[in-house]
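Notes for the one structure printed next.
Counting starts at 1 for both ligands and their atoms, following the listed order.
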Amino acid sequence: MEPTTFILFGATGDLAKRKIYPALYNLFVDGKLPQAFSLIGLGRREWSDESFQANVEQSLRQFSRREAKDAGSLKDFLRVFRYSVLDIGRKDDYLKLLKLTESREDELRIPQNRLFYLSVGPEYFETIAANIQDSGLGSTNGWKRLVIEKPFGHDLQSARDLNRKLSKAFAEEEIFRIDHYLGKPMVQRLESLQQANPVIQALWTNRYIANVQITANESVGVEERAGYYDHVGAVRDMFQNHMLQLMMMAAIHLPHDSTSEEVRFKKKKVMESLEVLQKEDVIASVIRGQYQEGTIQGKPVVGYASEPGIAPDSMNDTFIAAKLQIDNSYWRGVPFYIRTGKRMKDKSTRIVVEFKDPLKQVSTNNDDHIAPNLLVIDIGPNEGITLQLNAKDPGHKGGFKPSHIDLHASEQNSPEAYENLIYDALTGNSTFFAHWDEVELSWQWVQPILDAFEENLVPLHSYAAGTYGPAESDALLANDGFHWWFDS
Ligand code: BG6
């Protein structure tokens with residue numbers, strides 16, 4: 001792997017602590033960091049290199065999936081961490097950073113391969129990118145990359161503005177937009193699930209599939225993020241990015257070992273084939289909801305409007321369910337149902353593929369209940385795949401019962417999304433990052449929903465915390481003769 005200087009904006013922040021340092025540490029333990037690697041953390045706090053390293057160490061103790069037990073290797077890991085105070089708007093601080101970066105590169109005798117990681121609020125993206133450019137940090141004799149976190153814009157227009165500004169300093173190939181759902185191991189395995197299983201590949205069309213259900217339920221509420229969440233809602237926080245990415249990944253067909261360009265090209269094609277919603281039609285295929293008080297795992301919780309920092313008359317969506325239609329030869333006629341919500345009964349992210357049931361029509365015995373075949377891809381918290389087939393039920397003459405082929409690993413300690421994504425960014429593999437085309441098309445598709453919500457063209461339904469969302473979400477599927485699987 002090529003020598004790299006990892007320049008981290010927001011080094012004292014929460015995301016760095018919870019995700020980035022633990023990910024880097026686990027990559028280090030697995031021998032997946034470059035041999036010549038150095039990290040420069042940036043923040044407003046007046047930290048020394050030592051206090052920075054102590055803070056990183058503390059974060060590993062709290063958040064790493066693997067214990068940082070071996071003092072020797074921990075020391076080796078932390079040795080390359082340096083800290084520099086930086087005020088995002090101060091040009092001088094970037095010149096100081098340039099000096100430090102160059103002196104580290106000289107010390108290690110490495111080329112100027114610089115990975116700029118922006119673990120800061122989106123309001124700073126533009127200023128940082130411009131200052132990287134103006135200070136000369138971006139003029140390297142090696143490569144440069146920009147890794148940014150969501151949200152990428154607040155709507156179609158702001159996303160376009162942001163992209164235009166970033167592209168003054170970085171080319172599209174240099175921008176790595178993180179959508180951490182694309183880093184989840186099961187999402188990354190979707191591709192190989194088809195490639196390694198001709199049976200699945202052959203069935204992946206409207207000839208055999210009745211519908212696809214994509215769920216990301218969370219039992220947490222708004223937590224301490226009222227200021228952010230009340231402005232974005234489930235539609236911007238989860239749907240426009242994570243959920244549409246899952247949909248694209250489930251809908252693409254990748255028969256061969258595909259390049260990053262091919263994967264992203266196919267995803268773009270899926271987005272382009274989505275049937276466009278007009279603002280007035282949103283009501284027919286999108287359900288929005290907001291949680292009321294209820295009980296989660298035996299504990300009473302307050303309703304959204306009573307959460308600290310939320311206005312009592314807030315009309316924000318904490319739940320969204322939608323029916324999407326992909327108008328291409330593979331998927332025409334197969335509804336994709338997508339839902340995500342806060343304060344749901346449990347935390348689970350999964351894709352359920354329900355197969356058509358031709359037996360339904362041919363069975364002469366009405367007592368024979370034959371459940372549809374299902375392929376269930378559990379993305380989290382447990383990872384695995386289940387195939388539901390039907391087998392003769394020995395206890396019931398002539399009857400069938402569903403039986404399962406279960407491919408869940410017994411040990412669930414696979415790399416976290418951030419490990420996969422940081423590794424890919426270090427190696428320059430952009431397959432599992434959101435390309436601008438996907439981001440733009442996603443905002444474009446979602447924009448009528450944002451407008452319809454804004455203009456209250458869609459009712460805001462209530463649901464009790466600890467349930468699976470408003471009844472209207474069930475009706476969305478029932479209208480087509482389906483139901484959400486595994487709500488119990
Ligand atoms: C984030 C959202 O992107 O994803 C959060 O901002 C949400 O609101 C989180 O809780 C869910 O991620 P995961 O990996 O826990 O499913």
Side-chain angles (χ1 to χ4, degrees), residues 10 13-20 22-23 26 63 65 118-123 125 147-154 159 176-190 214-247 249-250 288-291 296 301 304 307 309-310 314 316-320 338-351 377-384 412-422 432-434 438-439 442-443 446 465 469:
D14 212 44
L15 180 77
K17 216 164 60 186
R18 284 172 188 274
K19 299 290 180 192
I20 301 174
N26 283 293
F63 299 110
R65 74 184 163 91
L118 273 45
S119 174
V120 294
E123 63 276 26
F125 291 170
V147 179
I148 43 175
E149 292 282 340
K150 69 170 253 260
F152 199 92
H154 189 70
F176 290 68
R177 296 177 195 81
I178 287 206
D179 183 308
H180 80 279
Y181 270 52
L182 287 178
K184 291 186 185 262
M186 284 310 296
V187 178
Q188 301 205 336
R189 269 177 234 151
L190 279 173
I214 305 178
T215 294
N217 287 340
E218 295 188 87
S219 53
V220 294
V222 64
E223 299 179 286
E224 285 86 40
R225 302 157 80 213
Y228 155 78
Y229 194 80
D230 207 39
H231 284 106
V232 296
V235 63
R236 291 182 172 92
D237 185 46
M238 295 285 292
F239 190 87
Q240 177 272 333
N241 38 71
H242 307 324
M243 304 310 287
L244 288 181
Q245 284 290 345
L246 290 182
M247 186 279 298
M249 290 303 293
R288 70 166 165 165
Q290 189 184 88
Y291 64 82
I296 302 227
V301 296
Y304 180 71
E307 296 272 16
I310 304 292
S314 168
N316 193 31
D317 47 298
T318 63
F319 174 95
I320 176 167
I338 300 184
R339 66 174 167 174
T340 180
K342 298 266 186 210
R343 284 287 187 231
M344 308 289 275
K345 187 166 178 197
D346 40 39
K347 162 101 185 152
S348 74
T349 307
R350 72 170 91 84
I351 300 175
I377 299 156
D378 279 315
I379 295 167
N382 293 321
E383 294 163 5
Q412 300 268 350
N413 194 14
S414 45
E416 286 208 9
Y418 273 85
E419 288 170 52
N420 292 331
L421 293 173
I422 291 177
F432 293 109
F433 292 85
E438 296 155 30
V439 175
S442 302
W443 278 119
V446 159

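By the 6.0 Å and 45° rule, Arg177 stacks over the aromatic ring of Phe152.
By the side chain to side chain contact (heavy atoms under 4.5 Å, CB included) test, Glu416 pairs with Lys19, Arg65, Glu419, sequence neighbours left out. Partners of His154 under the ring-ring contact (aromatic ring centres under 6.0 Å, His included) rule, at least two apart in sequence or in another chain, do not exist in this structure. By the side-chain hydrogen bond (donor to acceptor under 3.5 Å, both in side chains) test, Gln245 pairs with Lys267, Glu438, sequence neighbours left out.
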Contacts table for ligand 1: protein N or O within a distance under 3.5 Å of ligand N or O, distances only.
unit_1   : atom_1 : unit_2 : atom_2 : d
ligand 1 : 3 (O)  : Lys150 : NZ     : 2.7
ligand 1 : 3 (O)  : His242 : NE2    : 2.7
ligand 1 : 6 (O)  : Lys150 : NZ     : 2.8
ligand 1 : 6 (O)  : Arg225 : NH2    : 2.8
ligand 1 : 6 (O)  : Asp237 : OD1    : 2.6
ligand 1 : 6 (O)  : Asp237 : OD2    : 3.4
ligand 1 : 8 (O)  : Arg225 : NH1    : 2.8
ligand 1 : 8 (O)  : Asp237 : OD2    : 2.6
ligand 1 : 8 (O)  : Lys342 : NZ     : 2.7
ligand 1 : 10 (O) : Glu218 : OE1    : 2.5
ligand 1 : 10 (O) : Glu218 : OE2    : 3.3
ligand 1 : 10 (O) : Lys342 : NZ     : 3.2
ligand 1 : 12 (O) : His180 : NE2    : 3.1
ligand 1 : 14 (O) : His180 : NE2    : 2.8
ligand 1 : 14 (O) : Lys184 : NZ     : 2.6
ligand 1 : 15 (O) : Lys347 : NZ     : 2.8
ligand 1 : 16 (O) : Tyr181 : OH     : 2.5
ligand 1 : 16 (O) : Lys347 : NZ     : 2.7

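Within the 4.5 Å cutoff, the side chain of Met344 has heavy atoms near those of the Phe319 side chain.
Salt-bridge annotation for Asp237 and Lys150: present, with a side-chain N of the basic residue lying under 4.0 Å from a carboxylate O of the acidic one.
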